[in-house]
Each structure stands twice: as structure tokens, then as C-alpha cells.
J.: 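First, the structure itself, so that you have it in front of you.
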Amino acid sequence: MIEVKGITKSFGSLQVLKGIDLRIEQGEVVSIVGPSGSGKTTLLQIMGTLDSPDSGSVVIDGKDVTQMKQKELARFRNQNIGFVFQFHQLLPEFTAKENVMMPALIGRQSMKASESRAKELLEFMGLAERADHKPAELSGGEKQRVAVARALMNTPSVVFADEPSGSLDSQNKAELHQLFFDLRDKFGQTFVIVTHDSELASITDRNIQLRDGLIL
């Protein structure tokens with residue numbers, strides 16, 4: 001599903017990734033862990049097509065994304081990849097439903113189809129009654145579930161999450177962790193999660209440990 005070969009990445013004289021080889025299967029929930037500065041987020045961003053490696057390749061669903069031109073890559077990202085960030089990154093001027101609809105509208109889907117899909121996802125998240133509320137009117141846990149719904153809007157094959165529960169209290173954290181597995185079971189998505197949370201890492205299908213730019 002995802003195959004990473006020989007990925008290196010440097011920022012100036014600092015080499016952050018030193019030759020990463022990794023394979024992730026369809027439907028896996030995988031955690032990437034390691035100390036700060038080990039290269040976790042850089043690896044996630046490269047796999048998610050948000051950054052480019054200095055060398056090596058990333059193949060997602062049989063397509064080498066490191067060889068794509070910018071327009072092709074943007075289209076592939078919109079249609080095949082979802083993202084969840086630590087601080088949800090919701091647009092404050094839009095409602096929960098409108099935030100969830102955004103990836104579909106960017107992908108030029110119709111307003112009617114986008115709204116229907118957004119309502120379906122928010123209902124699955126237990127947020128049907130919060131659909132018309134703006135982020136400032138939502139709790140931290142609710143905002144992060146809206147962000148997960150947005151990540152799923154275009155039915156991506158893989159969702160990349162960077163410290164998704166880092167800003168949540170213990171109850172919301174546990175609910176979000178369970179949600180990843182519920183979504184995998186219902187929709188079949190692959191989840192790749194960078195986390196410092198040992199509880200989350202311990203329940204994922206596989207735990208990949210990074211240290212000093214290398215997989216242990």
C-alpha cells in the first residue's frame with residue numbers, strides 16, 4: 001500500500017533522515033514513535049507528499065509520488081490522502097460542516113454531494129447536532145473529530161496523523177484513539193500516526209521506532 005525506499009532528507013548540514021525503508025499494508029494502523037528530533041514528522045510529511053525527500057522514493061497504491069509534477073501531486077493528495085494535525089487546523093469562519101466539505105469542494109465535487117457526505121461523516125462522529133457550529137463553539141474533542149471527518153471527506157486510502165491527541169485531555173484522547181480503529185474497521189482506511197503517546201502506540205497494529213534518522 002505504501003512503500004518507502006532509501007529516503008534521505010537534510011536541512012542544511014543536519015541530516016534528519018538517513019535512508020528509510022518501510023512498507024505499510026492496506027488497513028494497518030501504524031504508529032511512528034521516537035524522541036524529539038528523530039525525524040518522525042519529516043518522514044510523515046514526505047510520505048504524505050507535503051515535503052520532498054533528497055533521495056529515495058515513496059510509492060502509494062502503486063504510484064511513485066516522488067516523481068509527480070506539482071499539479072498531478074496536488075490532485076493525487078486531494079483524492080487519496082487525508083491529514084489530521086495536533087491542533088485540528090479548522091478554518092474559524094466556517095461551520096463544522098463547511099470545514100468537512102472543504103476537501104470535496106477543492107476537488108470540484110458538487111455542493112449537494114459534498115454536503116451529503118459531510119453530514120454522513122459528522123453523524124458517524126456523533127456530531128450531527130454540531131454541524132452548524134463554528135470551531136469556537138466546539139470543545140477540543142469535538143474540533144478534533146471534525147478534523148478527522150474532514151480527513152475522510154474524499155474517502156482517502158490513507159490518513160496521516162501528526163500527534164493527533166497531543167492537545168486533548170485523557171477522556172477525549174481515549175475516544176479519539178478508539179475512533180481510528182472504528183474508522184479502519186468501517187471504511188478500510190490505512191492510518192499512519194506520529195505520536196509521543198505510549199498508550200496509543202501500544203494499541204496500534206505495528207509500532208515503528210525512529211532514532212537519529214533511522215528505523216530501529
Side-chain angles (χ1 to χ4, degrees), residues 1-3 22-32 44 47-50 58-63 65 74-86 88-90 95-131 138 141-165 168 172-195 197 199-201 203-208:
M1 198 274 153
I2 303 173
E3 192 160 4
L22 175 62
R23 183 176 178 84
I24 295 171
E25 302 297 337
Q26 177 66 41
E28 273 196 296
V29 179
V30 174
S31 58
I32 299 176
L44 191 81
M47 286 195 292
T49 75
L50 297 176
V58 177
V59 176
I60 300 176
D61 282 344
K63 296 179 180 176
V65 298
R75 186 164 52 250
F76 180 88
R77 185 188 303 124
N78 176 258
Q79 294 173 354
N80 298 278
I81 297 174
F83 297 97
V84 181
F85 302 100
Q86 180 174 353
H88 59 75
Q89 306 291 359
L90 300 178
T95 65
K97 182 178 66 181
E98 289 166 343
N99 268 281
V100 175
M101 289 169 64
M102 208 63 67
L105 297 177
I106 290 170
R108 301 192 175 184
Q109 296 182 37
S110 73
M111 183 68 73
K112 184 177 181 181
S114 300
E115 187 171 11
S116 176
R117 170 73 173 157
K119 286 180 177 178
E120 174 192 342
L121 286 167
L122 287 170
E123 184 172 358
F124 183 82
M125 301 289 172
L127 294 171
E129 295 180 358
R130 311 290 279 165
L138 303 174
E142 288 172 336
K143 282 186 274 199
Q144 199 61 309
R145 279 184 282 158
V146 172
V148 174
R150 179 184 58 191
L152 296 170
M153 184 65 196
N154 287 346
T155 319
S157 54
V158 57
V159 175
F160 293 103
D162 191 0
E163 297 287 359
S165 56
L168 301 179
N172 280 307
K173 188 180 294 188
E175 290 175 358
L176 182 67
H177 294 172
Q178 184 57 49
L179 179 61
F180 291 137
F181 291 91
D182 293 344
L183 290 167
R184 186 268 304 272
D185 294 342
K186 182 174 177 63
F187 298 116
Q189 263 95 11
T190 303
F191 284 84
V192 182
I193 307 166
V194 161
T195 185
D197 193 302
E199 290 181 19
L200 173 56
I203 62 174
T204 55
D205 299 327
R206 194 151 49 103
N207 185 307
I208 296 162

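All values below come from the heavy atoms of this structure, side chains included, with hydrogens, waters and symmetry mates left out. Since we're looking at a predicted model, the values are computed, not measured.
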J.: Kindly compute the distance separating CG (Leu22) from CD1 (Ile2), expressed to the nearest 0.5 Å.
T.: 8.0 Å
J.: State, to 0.1 Å, how close Pro156 and Gly82 come at their nearest heavy-atom pair, and which atoms those are.
T.: CB-N, 3.6 Å
J.: Name the one of Asp162, Thr204, Leu44 that satisfies side chain to side chain contact (heavy atoms under 4.5 Å, CB included) with Val192?
T.: Leu44
J.: So do the side chains of Leu152 and Met125 get within less than 4.5 Å of each other, counting heavy atoms only?
T.: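 A side-chain contact exists here, since the closest heavy-atom pair is under 4.5 Å.
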J.: Salt bridge (charged side-chain N to carboxylate O under 4.0 Å, His left out) with Glu25: which residues, sequence neighbours excluded?
T.: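 Salt bridge (charged side-chain N to carboxylate O under 4.0 Å, His left out) list for Glu25, sorted by chain: Arg23.
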J.: So which atom in Val159 and which in Ala151 form the shortest heavy-atom distance, rounded to 0.1 Å?
T.: CG1-CB, 4.3 Å
J.: Does Gln26, at its CD atom, have more than 12 non-hydrogen atoms belonging to other residues, nucleotides or ligands within less than 6.0 Å?
T.: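 Yes, enclosed.
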J.: Kindly give the heavy-atom pair with the smallest separation between Ile81 and Gly48, and that separation in Å.
T.: CD1-O, 3.9 Å
J.: With the side chain counted from C-beta on, respond yes when Met1 and Ile24 share a heavy-atom pair under 4.5 Å apart, and no when they do not.
T.: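 Not in contact.
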J.: Any idea which heavy atoms bring Leu138 and Ala96 closest together, and the distance?
T.: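 Shortest heavy-atom contact: CD1-CB, 4.3 Å.
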J.: Is there a side-chain contact between Gln189 and Thr155, using heavy atoms and a 4.5 Å cut-off?
T.: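 The answer is yes; the side chains approach within 4.5 Å.
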J.: May I ask you to test the Phe191-Leu183 pair for a side-chain heavy-atom distance under 4.5 Å?
T.: yes
J.: Does any non-hydrogen side-chain atom of Val158 lie less than 4.5 Å from one of Met47?
T.: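 No; the side chains remain at least 4.5 Å from each other.
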J.: How many angstroms lie between atom CG of Leu179 and atom CG of Asn172, to the nearest 0.5 angstrom?
T.: 11.5 Å
J.: Looking at OG of Ser31 and CD1 of Ile193, how far apart are the two atoms once the value is rounded to the nearest 0.5 Å?
T.: 7.0 Å
J.: Given Asn154, which partner from the list Gln79, Gln109, Arg117 fulfils the side chain to side chain donor-acceptor pair (under 3.5 Å) test?
T.: Gln109
J.: According to side chain to side chain donor-acceptor pair (under 3.5 Å), does anything in residues 120-129 pair up with another residue at least two apart or in another chain? List the pairs.
T.: none
J.: Would you name the heavy atoms of Leu122 and Lys97 that are closest together and state the gap between them?
T.: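 Looking at all heavy atoms of both residues, the shortest contact is CD1-CA, 3.7 Å.
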J.: Among Asp61, Thr190, Asn80, find the one that has a side chain to side chain donor-acceptor pair (under 3.5 Å) with Ser157.
T.: Asp61
J.: Would you compute the distance between atom CG of Leu90 and atom CG of Asn99 and round it to the nearest 0.5 angstrom?
T.: 4.5 Å
J.: Distance-only, no hydrogens or angles: does the Arg77 side chain make a donor-acceptor pair with backbone N or O of Thr49 under 3.5 Å?
T.: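 Side chain of Arg77 to backbone of Thr49, a donor-acceptor pair under 3.5 Å: yes, one is there.
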J.: Check the pair Val146, Arg130 against side chain to side chain contact (heavy atoms under 4.5 Å, CB included), reporting the backbone distance first and the verdict last.
T.: CA-CA 10 Å; Val146 172; Arg130 311 290 279 165; over 6 Å; no
J.: Between Ser110 and Leu105, what is the shortest heavy-atom contact and its length?
T.: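 Heavy-atom minimum between the residues: O-CD2, 4.5 Å.
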J.: Kindly determine whether Val29 and Ile203 satisfy side chain to side chain contact (heavy atoms under 4.5 Å, CB included), including the steps that lead there.
T.: CA-CA 9 Å; Val29 179; Ile203 62 174; over 6 Å; no
J.: Calculate, to the nearest 0.5 Å, the distance between atoms CZ and CD belonging to Arg206 and Glu28 respectively.
T.: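 Spacing of CZ (Arg206) from CD (Glu28) equals 4.0 Å.
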J.: So among Phe180, Phe83, Phe85, which one has a side chain to side chain contact (heavy atoms under 4.5 Å, CB included) with Pro164?
T.: Phe180
J.: Evaluate side chain to side chain contact (heavy atoms under 4.5 Å, CB included) for Phe160 paired with Leu50, printing each intermediate quantity in order.
T.: CA-CA 11 Å; Phe160 293 103; Leu50 297 176; over 6 Å; no
J.: In chain order, what residues pass the salt bridge (charged side-chain N to carboxylate O under 4.0 Å, His left out) check against Glu98, with sequence neighbours excluded?
T.: none
